[in-house]
Asks: 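One structure, as structure tokens, below. Some questions next.
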Amino acid sequence: MLSKKSFLVFVLFLLKCCLSLSITLTKKTYIVHMDNSKMPMVFSNHFDWYFSKLNSILEHNNNNNNNNNNNNNKDRIIYTYQNAFHGLAAQLTENEASNLAQEDGVLGLFEEEIYNLHTTRSPMFLGLDKGEVIIDQGRAQAQARHHDVIVGVLDTGIWPESQSFNDTGLGPVPARWKGTCESGRGFDPARHCNRKIIGARLFYRGYEAASGKISGDLEYKSPRDGDGHGTHTAGTVAGSPVRGANLLGYAPGMARGMAPGARVAAYKVCWAGGCFSSDILSAVDRAVADGVDVLSVSLGGGVTSYFRDSLSVATFGAMVKGVFISCSAGNGGPDPVSLTNVAPWVATVGASTLDRNFPANVRVGNGKSVSGVSIYKGSMNLSPQKLYPLVFLGSNSTDPDPASLCLEGTLDRHTVQGKIVICDRGISPRVQKGQVVKEAGGVGMILSNTIANGEELVADCHLLPAVAVGEKEGKMIKDYALTASNPTATLSFQGTKLGVKPSPVVAAFSSRGPNILSLEILKPDMVAPGVNILAAWTGLAGPSGVPADHRKVKFNILSGTSMSCPHVSGVAALIKARHPRWSPAAIKSALMTTAYVNNNAQRALTDASTGSASSPYDHGAGHINPIRALDPGLVYDISPQEYFDFLCTQNPTPGQLRVFSKGTKMGCRKKVGSPGDLNYPALSIVFPENPNITTMTVHRTVMNVGQAVSSYHARVTPINGAKIFVEPNVMNFTRKYETMSYKVTVKTVLRQIEPEAGYLVWKDGVHRVRSPLVLTWLPPFPI
């Protein structure tokens, strides 16, 4: 008979075994990359081969090979991929995945990832309302009607009734288009697709495999957008002009996308529970087959490796097919090394401000006034002449607490009734804090930034009178509320203000470099408007996104690199319309080398998190300049093989390289050299740990896309710690599309602790082809 202690040990052992068995038998979604060149001749198609591989390793299959079991095994396959890359997504246990990974023909196998969304004035701010651009657009469309540009938007779907998607003035759908509109709840292709929305698909199998069936009562299981994010990004890319657009009277004017003549194909990949990689990859694969020219991807996940990131693999395949891909950099700033989507074949876009603001003021009882921002219009109006009781439920500590954060259930009605409440930013959504104040009986809110947010202000569509203020001003108001015997305040709202200086400013939330995977590839590539952007909105959700917000608006104002990404996607579409034969790399080069690095106050771009000058790790090549990008003078082109050569420098395994080559003839053409020799429009030169290496050289090749006969002269800004030589420093072109090469040699004078940055500019009297130049000295290895 077992003792009590032995019995408990036995029970714990059984529990451990059961838990281990449960984990082992739990199925997860895996992305499986296949080498289709290994398919035996006996199979007539890749799906049958994939299924044969899968069927051969499934557990408990040896004892039961009937047809029903085979059908059940086929249900394990969620997607197959054949355009952007080759492979499948399947539900597997850990043991099954481990066994499948050993099978011949399997190049790689990775567990499903969850990606997150990176959540008017910008066309005018970018100069797209100028007459010469309209003329250029008309000329481009007349010359290239056979090449209507199609932009694929991977997001939360689309709200087709929005005026931004009317097709007035557009010709027939391009004959080359192979896509379609899929039906579902609330979405009828016959009524909801037109000559503007020419494609609408949904991808949900990966999401349902991980999270269960989508509730038709809570979400549209169709291309229809109940969230609003996808409608906003699609409208920013290619929305048709809409006069009188505004949000509750704020930001009034004409709303239009960057490329109003482009067609839109919406690929719904994001649901209430997130965006799953198997769905995203299926959408990329399908979009390539459908025939998109540009892909706009305002979402991202973690950064681990070019080879382990399935989105990196899929976008490589799309680039090979000639598709330009624009991705959001992420909202992890101002922390360094916070970027997502860092592959060199995609455009990684950070966020900047416009010259438009929504000022609001806080006046406190001691006579001091503080400037902030707000978008508020409602019935709970405060009199600017009257002072209201003010309360802050936190302390002098710099660390916020649940009450100071105004989290649900933390505010006592007896304490806040009839008062303006100060709430710290963080944890919960900003507008939701105001709803908590409102439900507790408060009459207004002052939303204070913390140290983590600094002085950057983001305007929100609040549910009660509320003003957002910076960290320093917020601290002053909180100190007053904690020390005054009878603290009071009032709030006032100033509407919309244009011509704000300085602008643009790099947003504090915009993710920063360097690119941790390859210091030689400078990221982000560029910044574009991403703060307080007005664009189309869903007819289902309120503008704040808070469940209690039942207001219905046609346009909304959002901030994030999700908003900056479609600006670049749309401008890329304009360039593609004017230059149909340009490669994705040439388009990105045009955007980068024409970007500007000074604001409208004629000073260097600044960083909202510090107020000081920003660096290329913050703004990349600079802020996009669409007019100049249409005529860049020179471009740095990169072929798929050259990108593949770059991958060869990253110490890959043969299997990892085959994932990218997909059975093509691409291979490592030469001895592995420096990743810094990729023909990138930005130059990032890295000195190794060995202090004896004092000279580094990188090579570049440019193509003349300007005047046939032209002469370009090089100019390099001085950089601390080094001497820089460009050879040759004059390039004389005699014909259009001629290419010439040069090299940049950097000699260390004194190794620097921090990276140093400057610019290399080629000038011909008309064009300024600017490349950021960053020098990094790695810490010397110990002797």
Side-chain angles (χ1 to χ4, degrees), residues 132-133 135-137 139-140 142-144 146-147 319 322 324 344-345 525 571-572 574-596 621-622 624-643 645-646 669-670 673-674 676-683 685 697-717 724-746 758-773:
E132 60 265 33
V133 178
I135 292 171
D136 280 336
Q137 285 181 298
R139 184 184 301 120
Q143 292 174 346
H146 64 285
H147 194 90
M319 173 274 300
F324 177 92
W345 45 88
D525 290 308
V571 176
L574 289 179
I575 299 173
K576 184 72 173 178
R578 184 167 179 180
H579 306 285
R581 293 185 177 86
W582 279 16
S583 70
I587 294 173
K588 185 164 77 166
S589 173
L591 287 162
M592 292 176 65
T593 61
T594 59
Y596 56 86
I624 60 169
N625 188 333
I627 296 177
R628 290 189 179 276
L630 291 169
D631 179 24
L634 304 174
V635 293
Y636 294 81
D637 204 1
I638 307 174
S639 68
Q641 177 62 58
E642 289 172 306
Y643 282 122
D645 289 339
F646 164 79
R669 297 183 299 181
K670 53 189 177 184
S674 168
D677 275 335
L678 180 68
N679 200 39
Y680 216 63
L683 294 90
I685 298 174
T697 299
V698 295
H699 303 81
R700 292 291 187 270
T701 299
V702 292
M703 178 190 296
N704 177 27
V705 295
Q707 294 295 320
V709 179
S710 53
S711 181
Y712 285 84
H713 298 255
R715 183 177 67 85
V716 182
T717 56
I724 302 168
F725 305 91
V726 181
E727 186 180 357
N729 61 6
V730 177
M731 292 189 292
N732 295 309
F733 294 93
T734 58
R735 65 182 186 277
K736 197 168 185 176
Y737 305 123
E738 181 181 4
T739 61
M740 296 192 72
S741 299
Y742 68 90
K743 65 180 181 179
V744 178
T745 300
V746 180
Y759 293 92
L760 165 63
V761 184
W762 290 96
K763 298 188 295 183
D764 69 343
V766 177
H767 306 94
R768 291 172 54 87
V769 187
R770 186 203 314 266
S771 293
L773 174 58

Asks: Please tell me if the side chains of Val730 and Ser711 come closer than 4.5 Å, counting only heavy atoms from C-beta onward.
Replies: yes
Asks: Without hydrogens or angle criteria, can the side chains of Asp525 and Tyr680 be said to hold a donor-acceptor pair below 3.5 Å?
Replies: yes
Asks: Closest approach of Ala595 and Arg770, non-hydrogen atoms and distance?
Replies: O-NE, 3.8 Å
Asks: Report the distance from atom NZ of Lys588 to atom OG of Ser583, rounding to the nearest 0.5 Å.
Replies: 10.5 Å
Asks: Distance from His713 atom NE2 to Asp764 atom CG, nearest 0.5 Å?
Replies: 9.0 Å
Asks: Is any side-chain heavy atom of Arg768 less than 4.5 Å from a side-chain heavy atom of Arg715?
Replies: yes
Asks: Looking only at heavy atoms, which two atoms of Pro772 and Ala621 are closest? And how far apart?
Replies: CG-CA, 3.8 Å
Asks: Answer whether the closest heavy-atom distance between the side chains of Ile575 and Leu630 falls below 4.5 Å.
Replies: yes
Asks: Looking at side-chain heavy atoms only, is the closest gap between Trp582 and Phe324 below 4.5 Å?
Replies: no
Asks: Could you state the interatomic distance from NE2 (His699) to OG1 (Thr745), rounded to the nearest 0.5 Å?
Replies: 7.0 Å
Asks: Take atom CD of Gln707 as the centre, draw a 6.0 Å sphere, and report whether it contains more than 12 heavy atoms from other residues, nucleotides or ligands.
Replies: no
Asks: Does some side-chain heavy atom of Leu773 sit less than 4.5 Å from a side-chain heavy atom of Tyr759?
Replies: no
Asks: What distance separates Trp762 CH2 from His767 NE2, expressed to the nearest 0.5 Å?
Replies: 15.5 Å
Asks: Is Ser589 reaching over with its side chain to a backbone N or O of Tyr636, donor-acceptor style, under 3.5 angstrom?
Replies: yes
Asks: With heavy-atom distances below 4.5 Å as the criterion, would you say the side chains of Tyr643 and Pro344 are in contact?
Replies: yes
Asks: What is the minimum heavy-atom distance between Pro728 and Ser741, and which atoms define it?
Replies: CD-O, 3.7 Å
Asks: Look up atom CG in Asn732 and atom CD in Glu738, then write down how far apart they are to the nearest 0.5 Å.
Replies: 9.5 Å
Asks: Minimum heavy-atom separation for Ala714 to Val726, with atom names?
Replies: CB-CG1, 4.1 Å
Asks: Please report the interatomic distance NZ(Lys576) to CZ(Arg581), rounded to the nearest 0.5 Å.
Replies: 10.0 Å
Asks: Output, in order, the C-alpha distance, side-chain angles, deciding distance and verdict of side-chain contact (heavy atoms from CB on, under 4.5 Å) for Val744 and Leu760.
Replies: CA-CA 9 Å; Val744 178; Leu760 165 63; 4.1 Å; yes
Asks: Below 4.5 Å, heavy atoms only, C-beta onward: do Leu634 and Asn704 meet side chain to side chain?
Replies: yes
Asks: Return the minimal non-hydrogen interatomic distance between Thr594 and Asn625, and the atom names on each side.
Replies: O-CB, 3.4 Å
Asks: Please check if the number of heavy atoms outside Arg700 that lie under 6.0 Å from its CZ is greater than 12.
Replies: yes
Asks: Looking only at non-hydrogen atoms, find the nearest pair between Ile638 and Ala585 and report the distance.
Replies: N-CB, 3.4 Å
Asks: Ignoring hydrogens and angles, state whether a donor on the side chain of Thr701 or Asn679 is under 3.5 Å from an acceptor on the partner side chain.
Replies: no
Asks: Do Val702 and Val769 come within less than 4.5 Å of each other through their side chains, counting heavy atoms only?
Replies: no
